[in-house]
Amino acid sequence: MRAASFDSVAERCRDRHTAGMTAHPLDNPFFSALESLHAGIALRAGEVLRYPMDVAPFLGIPHPGVDLADPLADLVPQGDSVLLLGIAPTAVPHGWALERFADLAQMQCDRELPLIDGPGIVELGDAHRADVLALTALVYPHYFRPRTMDLGRYFGIYVEGRLAAMIGERLGAPGFREMSAICTHPDFLGCGHARRLTAYLTNRTLQEGKRPFLHVAYANDRARGLYERMGYRLRRDIGFFALRRA
């Protein structure tokens with residue numbers, strides 16, 4: 001298991017695109033991010049890439065027919081499992097099980113959004129890490145790890161010394177950046193903090209020449225409705241999977 005070099009993964013990406021093996025980069029968002037934006041931290045085994053365990057539980061595969069036997073043995077330690085988004089393998093090795101969850105809504109925005117008034121927005125860094133981990137453990141517990149903040153910029157709103165809401169950047173590919181970890185402490189729901197943060201980072205992303213996108217569960221009617229009212233539009237339904245030891 002080794003970190004992939006940016007030059008080598010970029011060359012492979014260009015080769016696959018030239019050969020017609022890839023579609024839109026957001027159709028395979030984990031792999032797209034791992035071979036481009038996050039190539040410097042990606043762990044590789046054969047054609048398969050993953051984030052370090054303490055960053056995110058995400059695995060990326062280049063195509064459904066990839067042979068996973070050796071890569072899973074190298075990349076997924078005992079007691080760990082991984083998630084896949086967009087593309088799942090057609091076959092899994094003996095001793096592994098593929099679980100499919102409900103599809104997610106992949107949404108994107110192509111215009112700047114109104115920024116409502118509210119408390120100041122601060123960029124979150126190491127000094128705020130304990131607050132971020134406490135909030136995500138409470139309301140966003142499944143995907144946020146101790147080093148998830150290394151994936152991009154994070155922003156928050158503090159109210160009376162407490163982190164009331166936050167947003168961050170997670171996945172990405174050339175020309176695209178994901179809005180993620182959009183969450184509000186239960187004590188501050190209904191105050192508009194998530195709307196303010198989402199508009200703020202969406203607008204910054206567009207001003208930087210990238211298209212913002214996000215993923216949301218269809219079961220999360222409140223969040224999905226908020227994004228739709230703000231101006232995000234469905235790009236596609238996208239499959240969501242887990243690979244676990246059987």
Side-chain angles (χ1 to χ4, degrees), residues 29 55-58 83 85 101-172 177-207 211-238 240 242:
V55 174
F58 303 151
L83 301 170
L85 188 63
F101 305 120
D103 287 358
L104 301 178
Q106 185 182 82
M107 307 178 75
Q108 61 183 10
C109 186
D110 59 7
R111 61 178 177 83
E112 292 191 27
L113 306 175
L115 183 64
I116 63 173
D117 292 335
I121 294 171
V122 299
E123 185 162 1
L124 303 172
D126 285 341
H128 309 95
R129 192 176 297 266
D131 292 343
V132 168
L133 292 175
L135 177 57
T136 53
L138 179 65
V139 299
Y140 192 80
H142 302 297
Y143 314 120
F144 211 92
R145 302 291 173 86
R147 288 180 53 218
T148 299
M149 290 179 71
D150 295 352
L151 297 181
R153 299 171 298 183
Y154 283 79
F155 300 91
I157 290 174
Y158 276 83
V159 177
E160 297 179 352
R162 301 170 64 193
L163 182 60
M166 62 173 281
I167 190 172
E169 300 169 321
R170 188 174 60 178
L171 306 177
R177 203 64 163 107
E178 185 193 28
M179 311 289 97
S180 182
I182 306 169
C183 54
T184 303
H185 192 285
D187 292 347
F188 300 98
L189 290 173
C191 299
H193 299 326
R195 175 187 289 271
R196 178 167 164 79
L197 286 167
T198 301
Y200 173 81
L201 189 52
T202 294
N203 294 348
R204 283 192 62 160
T205 302
L206 288 165
Q207 291 161 8
R211 176 165 293 185
F213 70 99
L214 56 82
H215 297 98
V216 61
Y218 275 97
N220 192 347
D221 290 328
R222 176 177 180 154
R224 186 163 51 88
L226 170 65
Y227 303 141
E228 288 175 347
R229 291 190 299 274
M230 292 186 69
Y232 273 81
R233 295 293 177 258
L234 179 69
R235 177 180 175 269
R236 60 162 292 183
D237 293 344
I238 190 164
F240 188 33

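- Side-chain contact between R145 and V55 is absent, with no heavy atoms from C-beta onward closer than 4.5 Å.
- Note that CZ of R235 is 12.5 Å distant from CG of L214, once rounded to the nearest 0.5 Å.
- Not a single donor-acceptor pair under 3.5 Å links the side chain of T136 to the backbone N or O of P141.
- Annotation for A217 and R224: closest pair O-NE, 4.3 Å, computed over non-hydrogen atoms.
- The nearest pair of heavy atoms linking T184 to L135 is C-CD1, 4.2 Å.
- From M166, atom CE reaches atom CE of M149 across 6.5 Å, with rounding to the nearest 0.5 Å.
- No side-chain heavy atom of S180 sits less than 4.5 Å from a side-chain heavy atom of L171.
- When all heavy atoms are compared, the tightest approach of C109 to G231 is SG-O, 4.0 Å.
- Note that CG of L201 is 4.0 Å distant from CE of M179, once rounded to the nearest 0.5 Å.
- Here OH of Y227 is found 15.5 Å from CD of Q108. Values are rounded to the nearest 0.5 Å.
- Ring geometry, F188 versus H193: the interplanar angle falls from 30° to 60°, so the pair is classed tilted.
- Checked by atom type and distance alone, the side chain of D131 never pairs as donor or acceptor with a backbone atom of R162 at under 3.5 Å.
- R153 CZ to R177 CZ: the interatomic distance, rounded to the nearest 0.5 Å, is 7.5 Å.
- When all heavy atoms of P114 and A199 are compared, the pair lying nearest together is O-CB, 3.4 Å.
- Residues L234 and A105 approach most closely at CD1-CB, 3.8 Å, considering heavy atoms.
- A donor and an acceptor atom, one from each side chain of T202 and Y232, are located under 3.5 Å apart.
- Q207 CD: more than 12 foreign heavy atoms inside a 6.0 Å radius.
- No side-chain heavy atom of F101 sits under 4.5 Å from any side-chain heavy atom of L85.
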Can you list the steps and then say if L151 with E178 is a side chain to side chain contact (heavy atoms under 4.5 Å, CB included)? CA-CA 10 Å; L151 297 181; E178 185 193 28; over 6 Å; no
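- Taking the six-membered ring where tryptophan is involved, the planes of F144 and Y154 are perpendicular, since the angle between them exceeds 60° and thus also 30°.
- Put simply, the side chain of T198 never gets that close to the backbone of R195: no donor and acceptor are under 3.5 Å apart.
- Residues Y200 and R196 have side chains that never bring a donor and an acceptor to within less than 3.5 angstrom of each other.
- Between atom CG of residue L197 and atom CD1 of residue I157 there is a gap of 4.0 Å, rounded to the nearest 0.5 Å.
- Taking 4.5 Å as the limit, every side-chain heavy atom of F240 sits out of range of all side-chain heavy atoms of H215.
- L163 approaches G156 most closely through the heavy-atom pair CD1-CA, 4.1 Å.
- For R233 (side chain) and E228 (main-chain N/O), a donor-acceptor pair under 3.5 Å exists by modelled atom type.
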*Given Y143 and T148, is the side chain to side chain contact (heavy atoms under 4.5 Å, CB included) satisfied, shown in steps?*
CA-CA 9 Å; Y143 314 120; T148 299; over 6 Å; no
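- A heavy-atom distance below 4.5 Å is found between the side chains of D110 and R211.
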